[in-house]
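Counting starts at 1 for both ligands and their atoms, following the listed order. All values derive from a computational prediction rather than experimental measurement.
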Amino acid sequence: MTPLHISAPESLSAARASVLPTYARADITVVRGEGCQVWDDTGRAYLDFVAGIAVVGLGHCAPGPLAAAREQLDRLWHASNLYWTEPMLRLATLLGERFEGGKAFFCNSGAEANEAAIKIARKATGRTRIVALDGGFHGRTLGALSATGQPSKWEGFGPLVPGVSFARPNDIESLEAALAPASDTALLLLEPILGEGGVIPLEPAFAQAASELALEVGALLCLDEVQAGMGRTGTFFAYEPLGIRPDLVTLAKGLANGLPMGALLAGERAAPGFVPGDHGSTFGGNPVVAAAACAVVEAIDGDLLAQVTERGTQLATGLEVLPGVRSVRGRGLLLGAELDRPVGPVVDACRGQGLLVLSAGPDVLRLTPPLVVSADEVAQALRIIEGVLAS
Ligand SMILES: *Cc1c(COP(=O)(O)O)cnc(C)c1O
């Protein structure tokens, strides 16, 4: 093999100019990962409490999904959705067991899963309007962006998809106003915990009101579990402890442990919306990716979920007592610590100390480590964050 790691850094730095600057990337090039660690091209190790933005739930290069994908790579890469493939059928069955009776549509990303939710809701209800939450995030494609309650992300991209109204999270009156019977709403689209919007959990009373109101006015309820789903909050779906059952669920980030995959799960009120020809995706349900996702779904059992809750409690209680932390929000291993200072320099300083962490808005430190993180790794991360906040 060419010793890429010796000759690469300089030529690859120059290559950065060849990438459209849609992200303000940090100044490291990640070349390898294992478990909760990644390494850069200088050989430096980092403890990874980002996990590719809540994606690599079972850890980097997790043996189960790795073996499943490898085995499938040797058998069949792609067949298209003109035919059935075994991994896709197995995954639909496994997800249908978790979201009882749900039928799946497979795509390649979270944004696409939400686009599918918008389309099936319009088709199933014969209506057009969408209600979503201020501060919510549903993706960057035009439909998903139009339902994203963050006006700064709209600038320069209008006209947006018309017919979207926003309610305030955990404000039932504001939701009632947005969902008024005359509003002709097709879809109520909610994150169970607003991730990008600052790690804001929906209160059970708000979620239950949303579910009842949607049913009352004839709209479908979709929970966007792209970030919060797949065991991240200590239950397979983050909506479970809220005491609701949505008509639609969207998944993506953690679904295939880092291979690109999105899914829409549709219950009985929504599923009749799609008939052959209504929607599609060339790569959707790709056998390699679906094989990895099957291994992920099978790995999320009671033991792993209990561990997520335990490690989440350890991390949250450790964060609460640190200097500069105002409050800690979230559930399981989707946590946000509201700081008394801008979070950007804290993220940079943590990386300097060998810990990768995220932000969510201007002053929230977001932590989304792999679900398999150990007690020692949580303690190590807390020590680094404490050192950074104290300095
Ligand atoms: C990341 C995210 C999306 C968008 O997913 P992509 O795969 O980047 O398109 C949608 N909804 C939520 C809640 C997310 O966190």
[atom]: which protein heavy atom is closest, and how many Å away?
atom	answer
atom 14 (C) of ligand 1	K253 NZ, 2.9 Å
atom 9 (O) of ligand 1	A111 N, 2.8 Å
atom 11 (N) of ligand 1	D224 OD2, 2.7 Å
atom 7 (O) of ligand 1	G110 N, 2.8 Å

Hey, does [X] come in under 3.5 Å of ligand 1, counting only N/O atoms on both sides?
X	result
G139	no
E191	no
V226	no

I'd like to know if the side chain of E112 pairs up with that of S109 as donor and acceptor (distance under 3.5 Å, no hydrogens or angles considered).
yes

According to a 4.5 Å side-chain heavy-atom criterion applied to Ile, Leu, Val, Met, Phe, Trp and Tyr, with indirect links allowed, do V346 and V199 form part of one hydrophobic cluster?
no

Spell out, yes or no, whether L194 and V55 are grouped together once hydrophobic residues are joined by side-chain heavy atoms under 4.5 Å, including indirect joins.
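Hydrophobic grouping puts L194 apart from V55.
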
With under 30° as parallel and over 60° as perpendicular, where do the rings of H279 and F105 fit, or are they tilted in between?
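Geometry flag for F105 against H279: tilted rings.
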
Would R168 pass as a cation-pi partner of F166, given that its NZ or CZ must be under 6.0 Å from the six-membered ring centre and within 45 degrees of the axis?
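Output no; distance or angle outside limits.
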
Tell me, please, whether F99 has R245 positioned over its six-membered ring: NZ or CZ under 6.0 Å from the ring centre and within 45 degrees of its axis?
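Yes; both conditions hold, so R245 lies above the ring face of F99.
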
Going by the atom numbers of ligand 1, which of them fall below 4.0 Å from some non-hydrogen atom of [X]?
X	answer
H138	10 (C), 11 (N)
S109	7 (O), 9 (O)
Q227	15 (O)

Of the side chain and backbone of N114, name the one, both, or neither that has a heavy atom under 4.0 Å from an atom of ligand 1.
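It is the side chain that gets close, since no backbone atom is under 4.0 Å.
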
Using a heavy-atom cut-off of under 4.0 Å, does the side chain or the backbone of A252 touch ligand 1, or both, or neither?
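It is neither; nothing of A252 touches ligand 1.
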
Do protein heavy atoms approach atom 5 (O) of ligand 1 to less than 4.0 Å?
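At least one protein heavy atom is under 4.0 Å away.
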
Are there more than 12 heavy atoms of other residues, nucleotides or ligands under 6.0 Å from atom CD of E86?
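Open: at most 12 neighbouring heavy atoms sit under 6.0 Å from CD of E86.
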
Closer than 4.0 angstrom, basic N to acidic O: yes or no for D184 and R129?
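Not counted as a salt bridge, because no side-chain N and carboxylate O are separated by less than 4.0 Å.
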
From the options R366, K153, Q150, select the one residue that forms a side chain to side chain donor-acceptor pair (under 3.5 Å) with E196.
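Result for side chain to side chain donor-acceptor pair (under 3.5 Å) with E196: R366.
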
